[in-house]
Amino acid sequence: MPFMSAAYDISHDWEEPEDLHAMLQVIREQRDDANVRRIRYAYYVAEQAHSGQNRKSGEPYILHPLAVARIVVDLRMDDDTIVAALLHDVLEDCPDIKPEALAREFGDDVLAMVEGVTKLRSSPQGDLTHRQRVAAETTRTAETLRKMLLAMAKDFRVMVIKLADRLHNMQTLSALPPEKRTRIATETLDIYAPLAARLGIWQIKWQLEDLAFEALHPAEFNEISELVASTRPQREDEIKEAILVLKAKFEERKTKVLDLRGRPKHLYSIFNKIIKKGVAFEDIYDLLAVRIIVETVPDCYLALGIVHETYMPIPGRFYDYIAKPKPNGYQSLHTKVVSPSGDPMEVQIRTMAMHEVAEHGVAAHWTYKEGRIAIDETKRLSTLREQLFDWSSDQRLSSDFLRTVSTDLFSEQTFVFTPKGDVIDLPKDSTPVDFAFRVHTQLGMTLVGAKVNGLMVQLNSILKNGDVVELITRSNASPSLDWLEFVKSAHTRSKLRTYFRKLTKNDDAQRGREALEKELRYLGLDPKMFLGEEKLQKVADQLDSTETSTDVLAKVGLGMLSVQSVITRLRGTTHELQTADRIEVTKTKEGKLALVTSGIENVMLTRAKCCSAIPGDEVVGYVTRGRGIMIHRKVCPNAMAYVANEPERLIPFTWASDGNVYAVPLKIVSVNRTGLLMDISTILGESKTNVSALKVKTMPNHTAEIDVTADVRDTDHLSQLMSKISNFSDVISILRMFGRLGR
C-alpha cells in the first residue's frame, strides 16, 4: 500500500473503528500535546498493509497491532512508541512496506523500533531431522533475542513494544496448536517475564507469568485458583477491616493518604512459593496485602510508624527499598504485620512517583521535554544498558548466548553494595570474583582478595543480599584458573575464558611461526622476508575470523590454517606449486588410496598414523622400503626429518576433497563442569560430524582434557568444526594433534 503523504491524509470513505477511537480518547486525556492525527494515520497505514491477513483465530490481523498499541498507551508511552507499536509487524509481514518509506513517513526513531522488534527470517530448512530443526529454531530464537537486546540497549522503548506484543500473544494463545503454545509459554516464562522484571514493568510481568503458568501447568493453575477463591471472602473482609482501622489512624494523625487499598497476590508467585520453596498455602505471608500511597518520602516513614503502632510487626520481615532501591528502580517500604484475625498481612508504603515506577518501570521514565522525548539517564539505566551491549555484542554460539542471558540477566538476583553504597545486582550464589568483574573487568583481572561486611573472606565465598563488598587488588596480579570452578556469572566466565585462551594463543602462534619458518626454508626462502607484521596482517585481512597477524599464526599452530595456503598468500602467488610437479591422490571404488597422473599406477598408499593427513592438507609422500608410499602432512615432524635426511625419497602430492571421511585426533581443553560432554557432543552432532573415539581426563586445576577422534571430509570441514567448538564459552583451547611420532 503506497503511503498517502507526510500530511497524514486518509481516504475520505474510511471510517475510524470504535476501538481506535477509544484509544485515541485515552491519549487525549493523558497528554494535551499528543499528535493524535499522526497516530491515527499510523493505524490507517497498518490496517491497509495488513489488509486480507488474519490471525490463527480467524480475526483480522489489524486487531493485534491495535491491542499492542493500547497496552503501550496504558503504560503512558510517547507518540513514537505508540506509532511503532501500531506498525511493529509491517516490515515482517507486509513486503510492500519498505524501511526507507517507513522512515520517510514516521521518522528514524520509529523505523529503529520497528526493526528492533522484527524477528529474523527463518531460512529454508530442507530435509532436516527433528533434532536439527529444533537446533535451527533455537539458533533463530537466540539471534532474534540478541538483535532485540542490542536494539533495546540503544532504546528501551523497543522492549516495551516487544513485551506488549508478547502480552497480547499470550492473551490469545488458545488459537495456536498445543506444541506451539507450550514453546511460546516456556519462552515467555524463561525470557520475557524476567526481562519485564529487570525493566521494572510489574504490570506486564505478573500478567505474563500468570498466563504462561496457566498454559504450562493447567492443573496446578486451577488448583491454586480454587484455593485462592475459597479464602477470598474471608480475606476481603479482613482487608476491609484493616483499611478502615488504618484510615481512622491516619485521619487521627492528620496524615494525608492518596490511596489505600488491598493488593491481590498473583497466582504464579503463589505457585512458586508452594512448589519451588516448599511453603504450604496456609503459610504464605502476603495473601493478605495492603498498599498505602502517600505524598512524600517522610510521609512513607510516618505511615510505617502508624502501621507498626496499629498492628504488631513480624520480626525480620521489614525491607526498606526506599533507602536502598532495587537495581530496576523499584522503591517502597515492605513490612509484614499480624492482622486483626491473627494472620500475616503484608503492607507496602510508597509515594505516587514510586508507584508509577513500580507498575511501569522503565516506561515511567519517559517524559516530554522541550517538544522531544528524553529518557531519565539514571545510573541504573546506564548500567543495564552497558550489560545489554555486553551480552548482545559478545560473539558466541547461539545456544551459549541463551545460556549466558538466562544465567546473568534473567536468573534470580542477589543485591550487594559497593563501599560507596552503589547497588550491584548479580546472579544468585555469586562470589567476590563475580562482583569484581561486574564492577569492572580490570578489577577482576587484578583481584587478590575481598572483604565482605568488613571481614576478609575467601574469593569463592557466596555473597548474600545486603552484603557490602570491598575489593583488594594488586597491579601485577592475574586471574587463577581455579576461579572457573566457582564463578556463577556467565559474563565473568566469558572474561576469564578469553584471558586464558589468550595465554594459549601465544603458544599456538609460536608453533605456527615455527611451522611457517621451516616451510619457507624448505622452499629456499628467507623467513625474515615473509613473516613481518605488515605481510601477515595482509593475510589476516584476506581471511575470515582473523583480525591480527597473531590470529593467523595461531590458526596455523592449531592446524586450522594450512602452512602452504598462508605461504601462498605471503608470496602473492595463485598456485602453491606447478601442477606438473605434483601427483594427485584419489580413492578407488574399493575405498583404497591411489595415485593418478604421471603414469604411476598400482602403488600402495597409506595415511601415516603419525600425522593423520586429510584432503586439503599440504602433503608429501615418503617412498618406504616395501610398504609403498606413506602420506604425511608437510608439518609432520617425521616428514621434516625425511626432508633433512632422505629428500630423494619424497614425492609431492595434491589431495583434493573426495567426499570420503577421515579420522582426525583433536584435544580440547575446557573448564570442567557438569554437562560439558553433552554440550560438546551436541556441537559435534549439529556439525554432522561422527566421533569414532572420545576420552575425558579431569585435571587438578578444574579443567578437563577431551581427546576426540572426529571423522571429517577435508580441511575446510575440520576448520569449521574447530571454530564452532572453540567459540563455546567453556572451551579454553582446541588443538589438532599428531599421533605416534618417531621413524
Side-chain angles (χ1 to χ4, degrees), residues 149 190-191 194-195 197-198 272 276-277 319 321 324-330 379-380 382-391 394 396 400-473 477-500 671-676 702 729-730:
L149 288 178
D190 291 345
I191 295 175
L195 185 52
R198 287 303 297 268
N272 265 339
K276 296 186 177 180
K277 297 185 179 180
Y319 305 94
Y321 295 119
K324 294 180 179 179
K326 292 184 179 182
N328 64 10
Y330 178 87
K379 183 175 182 180
R380 174 185 67 80
S382 298
T383 302
L384 180 56
R385 178 173 279 109
E386 289 171 8
Q387 285 182 275
L388 291 169
F389 272 123
D390 193 6
W391 282 309
D394 197 8
R396 60 176 78 226
D400 199 27
F401 169 75
L402 276 181
R403 185 160 60 93
T404 297
V405 172
S406 178
T407 299
D408 282 6
L409 189 58
F410 302 147
S411 65
E412 188 175 346
Q413 302 292 299
T414 296
F415 304 115
V416 296
F417 298 89
T418 67
K420 294 182 178 179
D422 295 330
V423 183
I424 302 294
D425 59 310
L426 298 166
K428 191 174 181 293
D429 296 333
S430 288
T431 66
V433 177
D434 296 291
F435 175 86
F437 277 94
R438 177 70 171 76
V439 175
H440 196 283
T441 300
Q442 189 57 30
L443 285 176
M445 291 296 180
T446 56
L447 182 67
V448 294
K451 289 182 180 181
V452 175
N453 303 324
L455 300 175
M456 288 294 299
V457 298
Q458 294 182 347
L459 291 179
N460 62 352
S461 301
I462 293 176
L463 299 176
K464 297 180 176 60
N465 279 320
D467 282 346
V468 178
V469 184
E470 182 181 350
L471 302 174
I472 302 170
T473 60
S478 58
S480 167
L481 197 59
D482 294 343
W483 293 357
L484 287 166
E485 176 69 13
F486 58 76
V487 294
K488 183 66 176 179
S489 166
H491 169 73
T492 302
R493 189 178 297 277
S494 175
K495 294 296 183 183
L496 288 171
R497 167 182 166 268
T498 300
Y499 170 78
F500 291 118
V671 179
N672 188 22
R673 63 166 176 81
T674 304
L676 171 66
H702 307 298
S729 66
D730 292 319

- request: For residues R493 and V487, report the shortest heavy-atom separation together with the two atoms involved.
  value: NH2-O, 3.1 Å
- request: To the nearest 0.5 angstrom, please state how far the CD atom of E470 sits from the CG atom of N453.
  value: 11.0 Å
message: Minimum heavy-atom separation for P427 and S430, please, with both atom names.
response: O-OG, 2.5 Å
- line: The residue among T414, T492, L463 that forms side chain to side chain contact (heavy atoms under 4.5 Å, CB included) with D434 is T492
query: Passes side chain to side chain contact (heavy atoms under 4.5 Å, CB included), Y499 versus W483? Steps please.
result: CA-CA 12 Å; Y499 170 78; W483 293 357; over 6 Å; no
task: Might you confirm whether atom CD of E485 has over 12 heavy atoms from other residues, nucleotides or ligands at distances under 6.0 Å?
output: yes
task: Write down the atom of S461, the atom of P432, and the distance for their closest heavy-atom approach.
output: O-CD, 3.1 Å
query: How far apart are the closest heavy atoms of F435 and V416, and which atoms are they?
result: CD1-CG2, 3.6 Å
Heavy-atom donor-acceptor pair, D467 side chain to V452 backbone, under 3.5 Å: no
- line: On a heavy-atom basis, the closest approach of T431 and L459 is CB-O, 3.4 Å
- request: Search all heavy atoms of M456 against all heavy atoms of K451 and return the closest pair with its distance.
  value: SD-CG, 3.4 Å
Anything under 3.5 Å between a donor and an acceptor, one on a side chain of residues 441-449, the other on a protein residue two or more places apart or in another chain? List them.
unit_1: T446; atom_1: OG1; unit_2: Q442; atom_2: O; d: 2.9

